[in-house]
Amino acid sequence: MGFTNHNLTEHLLALEPTDFVQGPTPVADDMPPLWVFGRNIYTSELRVEVSLGPIHHPYAGIAYSVSERPMTYPLRQLAPKRKP
């Protein structure tokens with residue numbers, strides 16, 4: 001994909017609410033729901049899937065891949081436009 005683990009960590013930590021794509025999406029009865037975020041990195045749109053564990057077993061599962069198709073960001077339509 002053209003970036004290092006350090007670059008990827010920086011991009012993951014920089015995710016904002018406007019990067020939200022969908023969720024919570026149920027995965028299975030015994031699994032926590034899945035949240036999807038997206039981020040443009042270089043010339044690729046990165047799909048980031050996050051799953052948070054229950055309160056008594058806190059963990060985070062993160063998977064990422066280059067999106068196979070363009071994603072829709074519902075919160076970007078609601079966000080105020082930034083001034084240049």
Side-chain angles (χ1 to χ4, degrees):
M1 283 188 243
F3 48 83
T4 65
N5 285 341
H6 179 72
N7 296 123
L8 179 61
T9 300
E10 287 178 349
H11 287 290
L12 292 175
L13 292 173
L15 286 172
E16 298 181 4
T18 53
D19 296 325
F20 170 78
V21 174
Q22 70 183 56
T25 303
V27 179
D29 290 339
D30 59 340
M31 299 290 292
L34 184 71
W35 298 79
V36 178
F37 295 84
R39 189 128 181 119
N40 289 317
I41 300 178
Y42 306 120
T43 60
S44 300
E45 186 174 33
L46 188 68
R47 177 183 174 91
V48 181
E49 298 177 352
V50 179
S51 181
L52 302 177
I55 293 173
H56 57 281
H57 292 296
Y59 67 86
I62 299 174
Y64 60 91
S65 61
V66 173
S67 181
E68 294 178 3
R69 61 184 75 81
M71 295 186 286
T72 302
Y73 300 86
L75 298 181
R76 289 187 182 172
Q77 298 170 356
L78 302 174
K81 301 289 183 194
R82 292 183 181 171
K83 295 181 181 179

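Since we're looking at a predicted model, the values are computed, not measured.
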List the atom of [X], the atom of [Y], and the distance in Å for their closest heavy-atom pair.
X	Y	value
L46	V66	CD1-N, 4.4 Å
V21	M71	CG2-SD, 4.0 Å
P32	S51	CG-OG, 3.3 Å
L34	V27	CB-CG2, 3.7 Å

Partners passing side-chain contact (heavy atoms from CB on, under 4.5 Å) against L15 (at least two apart in sequence or in another chain):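 Scan of L15 (side-chain contact (heavy atoms from CB on, under 4.5 Å), adjacent residues dropped) gives L12, D19, F37, R39, V48.
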
Side chain to side chain donor-acceptor pair (under 3.5 Å) partners for E45, two or more places apart: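 Per chain and number, E45 pairs via side chain to side chain donor-acceptor pair (under 3.5 Å) with Y73.
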
